[in-house]
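Take a look at the structure set out below.
Given the structure is predicted, the values throughout are model-derived calculations rather than measurements. Residue numbers start from 1 in every chain, and the chains themselves are labelled A, B, ... in the order their sequence lines are given, proteins ahead of strands.
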2 protein chains.
Amino acid sequence: MTGDRKTISEMVRDKFDDLTRAERQLVDAILRNYPVSGLGSITALAQSADVSTPTVGRLVQKLGFHGYPAFQAALRAELEEQLSSPLVKHDRWSDGAPDTHILNRFADAAVDNLRQTLGQIDPADFDAACALLAGLERRIFAVGGRITHALADYFCTHMQVIRDRVIPLAANSNTWPHYLLSMRPGDVLVVFDIRRYENDILKLAEMAADNGTEIVLFTDQWGSPVAPLARHRFNCRIEAPSVWDSSAATVVILETLIAGVQQRNWDTTRDRMKAIEDLFDRTRLFRKFN
Amino acid sequence: MTGDRKTISEMVRDKFDDLTRAERQLVDAILRNYPVSGLGSITALAQSADVSTPTVGRLVQKLGFHGYPAFQAALRAELEEQLSSPLVKHDRWSDGAPDTHILNRFADAAVDNLRQTLGQIDPADFDAACALLAGLERRIFAVGGRITHALADYFCTHMQVIRDRVIPLAANSNTWPHYLLSMRPGDVLVVFDIRRYENDILKLAEMAADNGTEIVLFTDQWGSPVAPLARHRFNCRIEAPSVWDSSAATVVILETLIAGVQQRNWDTTRDRMKAIEDLFDRTRLFRKFN
DNA sequence: TTGGCTCTGTCAAATATTTTGCAGGAACTT
DNA sequence: AAGTTCCTGCAAAATATTTGACAGAGCCAA
């Protein structure tokens, strides 16, 4: 493929001239729907080629494999590379850093997390979540845990510009009952709960759900105990080459969600953004962008 | 996918809520490099997920298959269909979403940002920044702006577990002079400043630099006015298909930095992490992982 | 705490798969 | 045409895989 090693199909084609009748018949079957054909049992492959089982075994040995299982393993490895290459095929991320430098390892993990996270998201469900959060008649609450409250914070900072009635819950769970009182059926609670799942958050979600509040959950690949209560749920992979988890994929989904809500509320947002910019300018809090 | 029959990954996703800890762990491994992971022996799959062989057997029965071989057969059939249909499919992040869906556009932008960001980082400089932040004799301050204070917060939450003497600056700039007083030559100030650059942050950085405080800066591709003062600087691309900027690349670099510091302080960190876990367990703030 | 419950791993039996030994038979040479 | 060689399939042995039974561990409720 990339020159490091021959693919099975190439090996097979190269050897083709040296093969016997039954073996060519077999190779033909292998290539017929390559590489899936070779992934079943040796007998199944033999039958699909109308040759005997030992013929298959002998051919793979001729190709240099130690046995049929070894042949299958090679086939799987090849398939794996083929399936993942389009995206992971970056030349090293950071020039000058060895592949094993933590910058490169982390970047690999981040992209991998993102791909797998997106693979598990149903676009229709995602769109529905956007629509839910775009509804101006609802109030939006957001809460996070020890580590994830930064994400809830990030979310609220943006949402508060996009729309009215966005209420971040304080990190301190003592204050939560207060908010619970004001939640009404139809309101939305956005929950960030990533391992280790926090019991306080579960309790909060349970009570909110009892109230008729809709729950949107951001969690990890294993799923927080809040999941069964959630109307919309995003399982974001958090694996990282570190003792810590990575929130990168979560951030991407979160930002996409913000963008999606923003699109739906563009008329409102435009005015609000303009108003906010003016305010910031007036208070001279920010210097103009260069 | 094509609608006629559910794919294994969809089945797994649907059942996810009903699954137990070991089963989720297993599902995670299956999805890790789907579908190749499920094409080997049941034992190999079990080992890659760190569960026992029977657990795998039980899961596939739960999914409705008669046995592991039946599960594999379904997987092969699915793979065959996938491979024979348009190859571009693999390029899509989220199956079922048209390429122009915002999920896919955002993901593309995020990876692009990450690639370009990493391309601009000198690994040696990065390592030096890690070493700087790992020095226990220094105090670490962190500050962010209107939007980026969530990043500073995120950074501090982690660093406070890794090491002592990490001090997050409050979002309110009124309180900053207080912190300035306690900064000493050799201390480090981590600054998050992304457009629109905030004047207060610039002033803070200037005064800190005058004090002899080392500055580590996270900014965007254009560079905040703090840049000339910074000992280490990370320009993270923030482009997104939205009126908002994306912090995803910044988060990845930040997490990598945390991991790097963590490695250098592993002896200290291990004890601190253990102590913290114990504390959380005792206070029953968290429920055990399933 | 204690008792009941579910979950999960170990072990061993059952089953499937792969490999090997062997012999019939085709093709090629003499 | 007879002898030789190599190919091929059958069947049984060897090996690997899968499944079922059991018991310990952990969790939850009373």
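Distance from the side chain of A/Q61 is smallest for C/dT20 among the nucleotides C/dG9, D/dT8, C/dT20. With C/dT20, D/dG9, C/dG9 as the candidates, the nucleotide lying closest to the side chain of B/R21 is C/dG9. Each of D/dT18, C/dT19, D/dT8 was ranked by its minimum atom distance to the side chain of A/T20; first place goes to D/dT8. With C/dC11, C/dT8, D/dT8 as the candidates, the nucleotide lying closest to the side chain of B/E23 is C/dT8. The side chain of B/Y68 has D/dT18 as its nearest neighbour among C/dG9, C/dT18, D/dT18. Side-chain proximity of A/I42 to C/dT18, D/dT19, D/dC7: nearest is C/dT18. Comparing atom distances between the B/P54 side chain and each of D/dG20, C/dT18, D/dT8 picks out D/dG20 as nearest.
Contacts of A/P69 with the nucleic acid, taken as non-hydrogen atoms under 4.0 Å apart, involve only primed sugar atoms and P, OP1 or OP2. Base engagement by B/R58 is indicated by at least one non-hydrogen atom pair under 4.0 Å involving a base atom.
In this structure, the CG atom of A/L59 is 12 Å from the P atom of D/dC7, given to the nearest Å. For B/F65 and D/dT19, the CZ to P distance is 13 Å, given to the nearest whole Å. Between the P atom of D/dC10 and the CG atom of A/D50 lies a distance of 11 Å, rounded to the nearest Å. Summarising the geometry, the separation between CD on B/Q25 and P on C/dC7 is reported as 15 Å, rounded to the nearest angstrom. If you measure from atom CZ of A/F71 to atom P of C/dT19, you get 12 Å, rounded to the nearest angstrom. Atoms CG (B/L45) and P (D/dT18) sit 10 Å apart, rounded to a whole Å. Rounded to whole Å, the distance from NE2 on B/H66 to P on D/dT18 is 15 Å. As rounded to whole Å, 15 Å separates atom P of D/dC6 from atom CG of A/D18.
Taking a cutoff of 4.0 Å between a charged side-chain nitrogen and a carboxylate oxygen, A/R115 and A/D112 qualify as a salt bridge. With respect to B/K62 and B/E23, a salt bridge is recorded, a charged nitrogen being found less than 4.0 Å from a carboxylate O. Ion pair A/D187/A/R138 not flagged as a salt bridge, since none of the NZ, NE, NH1 or NH2 atoms sits closer than 4.0 Å to an Asp/Glu carboxylate oxygen.
Taking the six-membered ring for Trp and thresholds of 30 and 60 degrees, A/F218 and A/F192 have nearly parallel ring planes, at less than 30 degrees apart.
For D/dG9, the OP1/OP2 oxygens have a side-chain nitrogen or oxygen of A/T55 closer than 4.0 Å.
You'll find the side chain of A/W176 reaches within 4.5 Å of the side chain of A/D200, heavy atoms only.
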